[in-house]
Amino acid sequence: MVDYIIVGFGIAGVSVTEELERRGKTYLVYEDSSQKASRVAAGVCNPVVLKRFTMAWRGGELMDGAISFYKGIEERLSQSFVDELPVLRRFNSVEEQNLWYEAADRPVLREFLSENILKNKNEGIGAPFYLGKVHKTHKVALSQLLSSYMAYMKAKNSLIEEPFVHDDIEILDNGVVYKGVKARHLIFSEGYGMVQNPYFNQLPLVGNKGEYVIIKSETLRLKEAIKAAFFIVPLGNDLYKIGATYDHQDKSKETTEAARDKILKKMKEVLCCEYTIVSQESGIRPTVRDRRPLVGTHDTYKVLHLLNGLGTRGVLMGPFLAKQLLNSIEKGETLEAEYNINRFA
Ligand SMILES: Cc1cc2nc3c(=O)[nH]c(=O)nc-3n(C[C@H](O)[C@H](O)[C@H](O)COP(=O)(O)OP(=O)(O)OC[C@H]3O[C@@H](n4cnc5c(N)ncnc54)[C@H](O)[C@@H]3O)c2cc1C
């Protein structure tokens with residue numbers, strides 16, 4: 001008997017699991033490596049929409065809580081996964097510079113956007129219209145964090161690395177039984193894999209494929225992330241992630257030549273250095289029609305719950321939403337209408 005079964009161990013799954021650990025609950029996690037969004041994500045934790053210089057949904061409010069949540073995981077696992085990583089927005093025109101100045105003057109953005117714009121000092125980057133600096137942004141090394149957490153769970157027999165088969169659940173009034181294990185509650189955090197889940201796949205999860213190109217350049221020597229047409233995110237050892245693309249039609253798992261060409265073409269005038277292409281990665285973002293997360297409890301089966309729809313800013317939203325879901329299950333607190341799945345009832 002455990003308190004919870006969790007299906008899926010990406011950002012949503014680790015957010016729920018860590019929150020359960022902090023509450024002293026027992027759990028069993030199923031993970032089958034069928035989805036990759038959290039594994040390929042650059043892990044940038046940034047509350048500002050850098051296309052229009054606006055605050056992302058709940059952006060400023062969630063930032064401190066998210067970073068301290070991941071630092072708590074660092075303590076639990078005695079490893080480092082979180083680093084401050086300033087983001088430099090490359091301007092395309094004087095008009096964009098003026099929009100930045102206006103945005104930086106708004107109270108909600110003031111603490112995040114630099115008051116002044118900066119001259120580019122890196123010869124590997126072309127930025128004739130200068131750069132704006134976003135403060136307080138971080139990078140979470142998600143793939144390492146997830147692997148380390150899985151090793152931690154494996155050591156205490158809390159992880160099963162195989163596909164969870166929805167047809168094999170027995171639902172009781174006070175819990176579920178799956179493969180002989182009884183749990184008080186079951187939380188699905190399957191990312192885009194939710195489309196196979198008969199209990200929740202009527203919800204409007206759209207999915208949006210993202211691809212990165214990984215390059216190596218010994219001359220680029222970037223310490224910050226750059227946001228131009230795409231992000232350039234330093235990974236260490238002269239490696240950089242460049243992307244990611246957005247494609248809501250192609251839901252295949254393979255990387256594509258079209259995405260690679262698009263990234264390299266758009267970054268031609270930004271990358272003024274020698275580089276080699278090392279690899280390419282892709283994942284499907286679990287995006288939702290109304291661009292809000294999917295959190296809540298099944299209408300009929302009150303022991304089945306969902307944390308999904310983290311879309312494009314999972315690092316920022318995951319910890320907050322996991323806490324809200326568990327408060328609703330354990331304490332009967334009401335979930336906010338904006339992200340409660342009952343908005344689609
Ligand atoms: C290219 C790219 C770049 C991104 N960059 C960023 C970024 O820099 N910052 C940011 O905040 N967000 C970023 N995102 C978005 C972020 O990745 C998502 O918000 C987040 O990963 C979603 O996490 P999730 O746990 O809901 O889904 P997933 O990461 O897809 O995790 C779901 C997990 O469930 C498992 N699973 C599914 N079905 C089953 C089953 N039946 N049995 C067992 N296991 C199952 C899958 O294997 C998977 O591990 C990016 C996304 C992409 C694709």
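Below, all heavy atoms of this structure are taken into account, side chains as well, without hydrogens, waters or symmetry copies. For this chain, numbers begin at 1 and follow the sequence in order. Please read these numbers as outputs of a predicted model, since none were measured by experiment. Both counts, for ligands and for their atoms, begin at 1 and track the order of listing.
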Looking only at N/O atoms, are [X] and ligand 1 under 3.5 Å apart anywhere?
{"X": "Pro163", "answer": "no"}
{"X": "Gly43", "answer": "yes"}
{"X": "Ser38", "answer": "yes"}

Any luck finding a side-chain donor-acceptor pair between [X] and [Y] under 3.5 Å?
{"X": "Glu21", "Y": "Tyr152", "result": "yes"}
{"X": "Arg39", "Y": "Ser147", "result": "yes"}
{"X": "Glu211", "Y": "Gln280", "result": "yes"}

Just let me know how [X] lines up against ligand 1, side chain, backbone, both or neither, with a heavy-atom cut-off below 4.0 Å.
{"X": "Tyr212", "answer": "side chain"}
{"X": "Thr312", "answer": "backbone"}
{"X": "Ser282", "answer": "neither"}

Stepwise, does the side chain to side chain contact (heavy atoms under 4.5 Å, CB included) test hold for Val87 with Val48?
CA-CA 10 Å; Val87 175; Val48 184; over 6 Å; no

Starting from [atom], locate the nearest protein heavy atom and write down its residue, its atom name and how far away it is, to 0.1 Å.
{"atom": "atom 30 (O) of ligand 1", "answer": "Gln35 CB, 3.4 Å"}
{"atom": "atom 47 (O) of ligand 1", "answer": "Glu31 OE2, 2.7 Å"}
{"atom": "atom 11 (O) of ligand 1", "answer": "Val315 N, 3.0 Å"}
{"atom": "atom 8 (O) of ligand 1", "answer": "Val44 N, 3.0 Å"}
{"atom": "atom 6 (C) of ligand 1", "answer": "Ala41 CB, 3.6 Å"}
{"atom": "atom 31 (O) of ligand 1", "answer": "Gly10 CA, 3.6 Å"}
{"atom": "atom 42 (N) of ligand 1", "answer": "Phe164 N, 2.9 Å"}

If you measure from [atom] to every heavy atom of [options], which option wins on shortest distance?
{"atom": "atom 45 (C) of ligand 1", "options": "Ile160, Asp32, Leu316", "value": "Asp32"}
{"atom": "atom 34 (O) of ligand 1", "options": "Gly283, Gly191, Gly8", "value": "Gly8"}
{"atom": "atom 15 (C) of ligand 1", "options": "Gly311, Ala37, Ala42, Gly314", "value": "Gly311"}
{"atom": "atom 1 (C) of ligand 1", "options": "Gly309, Ala244, Gly207", "value": "Ala244"}

side-chain hydrogen bond (donor to acceptor under 3.5 Å, both in side chains) evaluation trace for Lys209 with Ser252:
CA-CA 8 Å; Lys209 182 170 174 177; Ser252 65; 3.0 Å; yes

May I ask you to check if Arg22 and Phe69 form a cation-pi contact, with NZ or CZ under 6.0 angstrom from the six-membered ring centre and within 45° of the axis?
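Relative to the ring axis of Phe69, which defines the angle, Arg22 lies inside both limits.
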
May I ask you to establish whether Arg285 and Tyr246 are in a cation-pi arrangement, using a distance under 6.0 Å from NZ or CZ to the six-membered ring centre and at most 45° from the ring axis?
yes

If you link ILVMFWY side chains whenever their heavy atoms are less than 4.5 Å apart, which other residues fall into the same cluster as Met267? By chain and number, please.
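The other cluster members (ILVMFWY side chains, heavy atoms under 4.5 Å, direct or chained) are Leu88, Leu118, Ile125, Leu131, Val213, Ile215, Leu220, Leu222, Ile226, Phe230, Ile232, Tyr240, Ile242, Ile263, Leu264, Val270, Leu271, Tyr275, Ile277.
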
With salt bridge (Lys or Arg N to Asp or Glu O under 4.0 Å) as the criterion, how do Arg23 and Asp3 come out once you've worked through the C-alpha distance, each side chain's angles and the decisive distance to 0.1 Å?
CA-CA 11 Å; Arg23 293 175 189 221; Asp3 293 318; over 6 Å; no

Parallel, tilted or perpendicular, judged at 30° and 60°: which one describes the rings of His298 and Phe200?
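Perpendicular: the ring planes of His298 and Phe200 meet at over 60°.
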
For Arg285, the ligand 1 atoms with a heavy-atom partner under 4.0 Å come out as 51 (C), 52 (C), 53 (C)

